[in-house]
S.K.: 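Structure in structure tokens, see below.
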Amino acid sequence: MRTRRVLVRAAAAEFGEVGYGGARLSRICASAAVSMGALTFHFPVKAALADAVEQEGGAITRALVERLLVRRPELDAVIGLTVGLAGLLDEDPVVRSSVRLARERPGGGACWVDVWLPAVRDLLHRAYETGQLRQSAASSQTLADMVVYLLAGAELQARVGAELAAGARHSTSDQLERIWRLVLSGVAAEPS
């Protein structure tokens, strides 16, 4: 199990850096300090290794979703989930790699969005029902669409940010917190 875990972490780093097509099993073996035989014992083909990275990234993401689903009020849970997911993209190479793999790999596994979007939709629907959102505000579906766009941008920012020097920018989760404050306060002036 330890070898398998080390291989998944090394593969996540490789896939995250060069993508599925550019990843080389030999570099993954070198990074994990294991032989090619040990790698192929656990993962006979590169696709199986990519599947394992996607599954691990999905499991980490599901654990965050489950932790935050109990938060009330529901709008706070959506904000916490969005910021938490951005934090995973910033901080967890397995999650970041699993998102990239789901986007790039032909016939890849389940999409990362599918792990958290149903929870966001349900929370936003309940937020409307319980009066946490103005009735004149956008629909819960439009807000869910906004979350998808925010997290797509967060994924890009986390990927690009991983290439920048540390401290040269705010974390993706900090940026999303500021965006949520802006959304919640609104930007339009009251009509005079």
Side-chain angles (χ1 to χ4, degrees), residues 5-24 27-28 31-32 46-47 49-69 71 75-121 123-124 142-184:
R5 205 171 20 255
V6 169
L7 283 167
V8 168
R9 289 277 168 185
E14 177 78 4
F15 291 137
E17 186 175 327
V18 298
Y20 183 76
R24 298 291 169 255
R27 286 193 301 251
I28 294 169
S31 176
K46 184 164 80 168
L49 188 52
D51 288 343
V53 170
E54 285 189 65
Q55 289 166 1
E56 179 68 19
I60 293 166
T61 302
R62 269 188 294 288
L64 175 71
V65 170
E66 289 170 8
R67 254 192 337 270
L68 292 175
L69 275 180
R71 185 183 280 185
L75 185 56
D76 287 348
V78 170
I79 293 167
L81 182 55
T82 307
V83 171
L85 291 168
L88 287 179
L89 290 168
D90 265 342
E91 299 163 10
D92 195 307
V94 174
V95 171
R96 192 170 45 252
S97 180
S98 71
V99 173
R100 181 173 183 172
L101 285 168
R103 185 181 66 256
E104 291 181 354
R105 192 162 63 119
C111 183
W112 185 64
V113 173
D114 295 338
V115 175
W116 53 263
L117 185 55
V120 166
R121 285 184 176 139
L123 289 166
L124 286 170
T142 302
L143 288 171
D145 293 343
M146 181 189 75
V147 170
V148 171
Y149 280 90
L150 286 173
L151 285 167
E155 189 260 332
L156 176 63
Q157 182 64 34
R159 195 166 14 104
V160 170
E163 299 166 6
L164 299 176
R169 64 177 185 88
H170 295 287
S171 74
T172 306
S173 55
D174 289 341
Q175 291 171 346
L176 274 182
E177 284 187 74
R178 288 195 306 276
I179 291 169
W180 271 114
R181 281 194 296 273
L182 178 67
V183 167
L184 292 174

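Residues take their numbers from the sequence shown, with the count starting at 1.
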S.K.: Looking only at atom types and distance, does a side-chain atom of Ser98 sit under 3.5 Å from a main-chain N or O of Val95, one as donor and one as acceptor?
M.R.: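 Answer holds: yes.
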
S.K.: Do you see a donor-acceptor pair shorter than 3.5 Å between the side chains of Asp174 and Ser171?
M.R.: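 Yes, a side-chain donor-acceptor pair sits under 3.5 Å.
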
S.K.: Before accepting this row, confirm whether a basic side-chain N of the pair Glu91/Arg96 lies closer than 4.0 Å to the acidic partner's carboxylate O.
M.R.: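 Salt bridge flag = no for Arg96 with Glu91.
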
S.K.: Using a 4.5 Å cut-off on heavy atoms from C-beta on, say whether the side chain of Leu184 contacts that of Ile79.
M.R.: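 Of all side-chain heavy-atom pairs linking Leu184 with Ile79, at least one is under 4.5 Å.
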
S.K.: Measure across Ala10 and Ser31 and return the closest heavy-atom pair with its distance rounded to 0.1 Å.
M.R.: CB-OG, 3.8 Å

S.K.: Using 4.0 Å as the upper bound for N to carboxylate O, is an ion pair formed by Asp51 and Lys46?
M.R.: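 The answer is no: the pair does not qualify as a salt bridge.
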
S.K.: Any heavy-atom pair between the side chains of Ile28 and Arg24 that's under 4.5 Å?
M.R.: no

S.K.: Under 4.5 Å between any side-chain heavy atoms of Leu123 and Leu75, yes or no?
M.R.: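 They are not in contact (no side-chain heavy atoms under 4.5 Å apart), so the answer is no.
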
S.K.: Quick one: CG on Leu101 to CZ on Phe15, what's the gap to the nearest 0.5 Å?
M.R.: 5.5 Å

S.K.: Hey, does Val120 have a side-chain heavy atom less than 4.5 Å from the side chain of Leu143?
M.R.: no

S.K.: Heavy atoms only: give me the nearest Gly16-Ser97 pair and the separation to one decimal.
M.R.: N-OG, 3.5 Å

S.K.: What heavy-atom pair brings Val113 and Pro118 nearest, and what distance separates the two atoms?
M.R.: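 Looking at all heavy atoms of both residues, the shortest contact is O-CD, 4.1 Å.
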
S.K.: So which heavy atom on Val115 is nearest to which on Gly58, and how close?
M.R.: CG1-O, 4.0 Å

S.K.: Could you report the tightest heavy-atom contact between Gly57 and Val94, atom names first, then the distance?
M.R.: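 Scanning both residues, the minimum pair turns out to be N-CG1, 3.6 Å.
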
S.K.: Check whether any side-chain N or O of Thr82 sits under 3.5 Å from a backbone N or O of Val78 as a donor-acceptor pair, and report yes or no.
M.R.: yes

S.K.: Quick one: pull up CG in Leu176 and CG in Leu151 and give me the separation to the nearest 0.5 Å.
M.R.: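 CG of Leu151 is found 6.0 Å from CG of Leu176.
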
S.K.: Are the charged groups of Arg103 and Glu155 less than 4.0 angstrom apart, N to O?
M.R.: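 Yes.
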
S.K.: How far does CG of Leu85 sit from CG of Leu150, to the nearest 0.5 angstrom?
M.R.: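 The distance works out to 11.5 Å.
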
S.K.: Measuring from atom CZ of Arg100 to atom CD of Glu54, what distance do you get when rounded to the nearest 0.5 angstrom?
M.R.: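 Arg100 atom CZ to Glu54 atom CD measures 12.5 Å (nearest 0.5 Å).
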
S.K.: For the atom pair CD (Glu66) and CG (Leu81), what is the distance rounded to the nearest 0.5 Å?
M.R.: 11.5 Å

S.K.: Can you find a heavy atom in the side chain of Trp112 that is under 4.5 Å from one in the side chain of Leu89?
M.R.: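 Yes, their side chains come closer than 4.5 Å.
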
S.K.: So do the side chains of Val183 and Met146 get within less than 4.5 Å of each other, counting heavy atoms only?
M.R.: yes

S.K.: For Ala77 versus Leu68, what's the shortest heavy-atom pair and its separation?
M.R.: CB-O, 3.6 Å

S.K.: Got a second to check how far Trp116's CH2 is from Cys111's SG, nearest 0.5 Å?
M.R.: 8.5 Å

S.K.: Are Arg9 and Asp92 close enough for a salt bridge, meaning some N to O gap below 4.0 Å?
M.R.: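 A salt bridge links Arg9 with Asp92.
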
